[in-house]
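Values below: every heavy atom of this structure, side chains too, minus hydrogens, waters and symmetry copies. Since we're looking at a predicted model, the values are computed, not measured. In what follows, residues are counted from 1 in the order of the sequence shown.
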Amino acid sequence: MWFWLSLIALLCWSGSDLFSKIGCADARDKYSHYKMVTAVGIVMGIHALYEILVSGVEITVSAMLKYLPVSALYILSMAIGYIGLRYIELSVSSPICNSSGALVAVLCIITGDRLAGPQYIAIALVCLGVIGLGFVEAHEDDELRALRQEKANYKYSKSALAIVLPLIYCLLDALGTFADSIVLNTLDEDVANVAYELTFLICGIVAFIYVKLIKKQKFLPKAEAPKYVGAIFETAGQFAYIYALADEEHVAMSAPIISSYCLASVIWSRIFLKEKLSVKHYITIAVAIIGIVILGIYDA
């Protein structure tokens, strides 16, 4: 069962990447990230209510407050990630965002943890890949960029935000993961997950009020549909991830499968978004993904 759950998590999270990209890529809609937060908040809120009413998870205000710093880091990172999807190909954004595991490892080293040799190599590979991606993006010729984007669904020009926003996501997600490892020592995992989902629901409601009632923006079904599909994939992936890793005997195999979902995101972006990168892009992405998978194996 662990294998199928791991595969479901991989497919769902890469699917979330794809549909979130489709839902947030329109540069003309400067409120798309708020709308995406609303979509994820609603779907996660529904799942949280299911966990409370059907599965019997007991949630309290104190538990939500205890987990609030972690929830805030995760939610803020995701919102910034949604903004970043306007400025860069998903093929580039996803590997950068998923490099947060390397930063978590660095934080662990700083706080005194000792790692295995391959983990240091993996951290170096991820850092090298991300730095390489940034260098390739910054120095790519404008004419070559335009030429390879001819058949793509979205066009992009050079922008500092293209790299900075995924890097900020990476940093915040790493801080959230690091804080998560501390808070979960005193909080049940199911309770923490429901607390996170309810906090996301609150953020989604606030985002809706801001966009709809204050900014008077329209929510068009055709434009919002991909956001809700992405939100469903995100929530389903989180659910499968939790139960895949709950099988402790097979974590060493499930973790690297799940951690490689950004590779699937690159494949989907090539097939469905018609993204075409340069050879240099693919080399640096491959280096980063190899590091991510190694970290996934040792995270087990």
Exercise for review: Could you check Y82, Y210, F208 and say which one makes a ring-ring contact (aromatic ring centres under 6.0 Å, His included) with Y34?
Suggested key: Y210
Check your understanding: Between D17 and Y261, is any side-chain donor less than 3.5 angstrom from a side-chain acceptor?
Key -> no
Exercise for review: Looking only at non-hydrogen atoms, find the nearest pair between I163 and P166 and report the distance.
Suggested key: O-CD, 3.2 Å
Check your understanding: Would you say K276 and E150 make side-chain contact, with heavy atoms under 4.5 Å?
Key -> no
Check your understanding: Cation-pi between K35 and F219: NZ/CZ under 6.0 Å from ring centre and within 45° of the ring axis?
Key -> yes
Study note, to complete from the structure: Of I285, L125, L295, V126, the one forming a side chain to side chain contact (heavy atoms under 4.5 Å, CB included) with I290 is L125
Practice item. Establish whether I96 and I80 are linked, either directly or via other cluster members, by ILVMFWY side-chain heavy-atom contacts under 4.5 Å. Key: no
Check your understanding: Are any side-chain N or O atoms of S260 and backbone N or O atoms of L263, one a donor and one an acceptor, separated by less than 3.5 Å?
Key -> no
Point to revise | Taking every non-hydrogen atom, the tightest pair across S91 and V266 | key: O-CG2, 3.7 Å
Study note, to complete from the structure: In this structure, CG of L90 is separated from CG of N153 (nearest 0.5 Å) by 12.0 Å
Revision key, fill the gap. Nearest heavy-atom approach of S77 to L172 is CB-CB, 3.6 Å
Review point. Okay, side chain of K215, backbone of K212: is any donor-acceptor separation there less than 3.5 Å?
Key: no
Review point. Are I294 and Y120 in one and the same hydrophobic cluster, where Ile, Leu, Val, Met, Phe, Trp and Tyr link if side-chain heavy atoms are under 4.5 Å apart?
Key: yes
Exercise for review: Count the heavy atoms belonging to other residues, nucleotides or ligands that lie under 6.0 Å from NZ of K218, then report whether that count exceeds 12.
Suggested key: no
Review point. Going only through I, L, V, M, F, W and Y residues with side-chain contacts under 4.5 Å, is there a path from L76 to V37?
Key: no
Review point. What is the distance from atom CG of L49 to atom CG of L201, rounded to the nearest 0.5 Å?
Key: 7.0 Å
**Study point:** Atom pair OH (Y241) and CH2 (W13), whose distance is rounded to the nearest 0.5 Å
**Key:** 6.0 Å
Check your understanding: Below 4.5 Å, heavy atoms only, C-beta onward: do T38 and V211 meet side chain to side chain?
Key -> no
Review point. Does I88 belong to the same Ile/Leu/Val/Met/Phe/Trp/Tyr cluster as I131, with side-chain heavy atoms less than 4.5 Å apart forming each link?
Key: no
Practice item. Report yes or no: do D26 and Y154 form a side-chain donor-acceptor pair below 3.5 Å? Key: no
Exercise for review: Go through the steps to decide whether M36 and E234 satisfy the test side chain to side chain contact (heavy atoms under 4.5 Å, CB included), and finish with yes or no.
Suggested key: CA-CA 11 Å; M36 190 70 214; E234 177 68 30; over 6 Å; no
Review point. Got a donor-acceptor contact below 3.5 angstrom from the S159 side chain to the L161 backbone?
Key: yes
Review point. Within the side chain of N98, is there an N or O that forms a donor-acceptor pair under 3.5 Å with the backbone of S94?
Key: yes
Exercise for review: Indicate yes or no: at least one non-hydrogen side-chain atom of V191 is less than 4.5 angstrom from one of E58.
Suggested key: no
**Study point:** Residue pair Q238, E197: steps toward the side chain to side chain donor-acceptor pair (under 3.5 Å) verdict
**Key:** CA-CA 11 Å; Q238 178 70 17; E197 291 182 330; over 6 Å; no
Point to revise | Check: F135 main-chain N/O paired with H139 side-chain donor or acceptor under 3.5 Å | key: yes
Check your understanding: Rounded to the nearest 0.5 Å, how far does SG of C262 lie from CH2 of W268?
Key -> 13.0 Å
Point to revise | R145 side chain reached by E137 side chain, heavy atoms, under 4.5 Å | key: yes
Exercise for review: Begin from the C-alpha positions of F239 and I8 and carry the test side chain to side chain contact (heavy atoms under 4.5 Å, CB included) through to its verdict.
Suggested key: CA-CA 10 Å; F239 183 80; I8 289 171; over 6 Å; no
Review point. Going from CD1 on I52 to NE2 on H47, what distance comes out if it is rounded to the nearest 0.5 angstrom?
Key: 10.5 Å
Exercise for review: Taking all heavy atoms of S32 and all of R86, pick out the closest pair and write down the distance.
Suggested key: OG-NE, 3.4 Å
Practice item. Check for a donor-acceptor pair, side chain of Q119 on one end and backbone N or O of A116 on the other, with a separation under 3.5 Å. Key: yes
Review point. Side-chain contact, heavy-atom cut-off 4.5 Å: S269 with K21?
Key: no
**Study point:** P226 to A223 - nearest heavy-atom pair and separation
**Key:** CD-O, 3.4 Å
Review point. Does any N or O in the side chain of S14 come within less than 3.5 Å of the main-chain N or O of L11, such that one atom is a donor and the other an acceptor?
Key: yes
**Study point:** Rounded distance [0.5 Å steps], CG in D188 versus CG in N193
**Key:** 10.0 Å
Exercise for review: Show your working on side chain to side chain contact (heavy atoms under 4.5 Å, CB included) between R270 and E89 and close with a plain yes or no.
Suggested key: CA-CA 10 Å; R270 182 67 181 91; E89 288 96 338; over 6 Å; no
Check your understanding: Run the side chain to side chain contact (heavy atoms under 4.5 Å, CB included) check on I292 and S99 step by step: do they pass?
Key -> CA-CA 7 Å; I292 290 168; S99 300; 4.3 Å; yes
Exercise for review: Flag yes if L103 and L167 sit in one hydrophobic cluster, no otherwise; membership is Ile, Leu, Val, Met, Phe, Trp, Tyr, and two members link when side-chain heavy atoms are under 4.5 Å apart.
Suggested key: no
**Study point:** Donor-acceptor under 3.5 Å (K30 side chain, A27 main chain)
**Key:** no
Check your understanding: Does the side chain of Y228 reach to within under 4.5 Å of the side chain of F233, using non-hydrogen atoms?
Key -> no
Review point. Are D173 and L73 close enough that some pair of their side-chain heavy atoms sits under 4.5 Å apart?
Key: no
Check your understanding: Within a strict 4.5 Å, meaning less than it, do heavy atoms of the L85 and S93 side chains meet?
Key -> yes
Revision key, fill the gap. Taking every heavy atom of L7 against every heavy atom of I257, the minimum-distance pair comes out as N-CG2, 4.4 Å
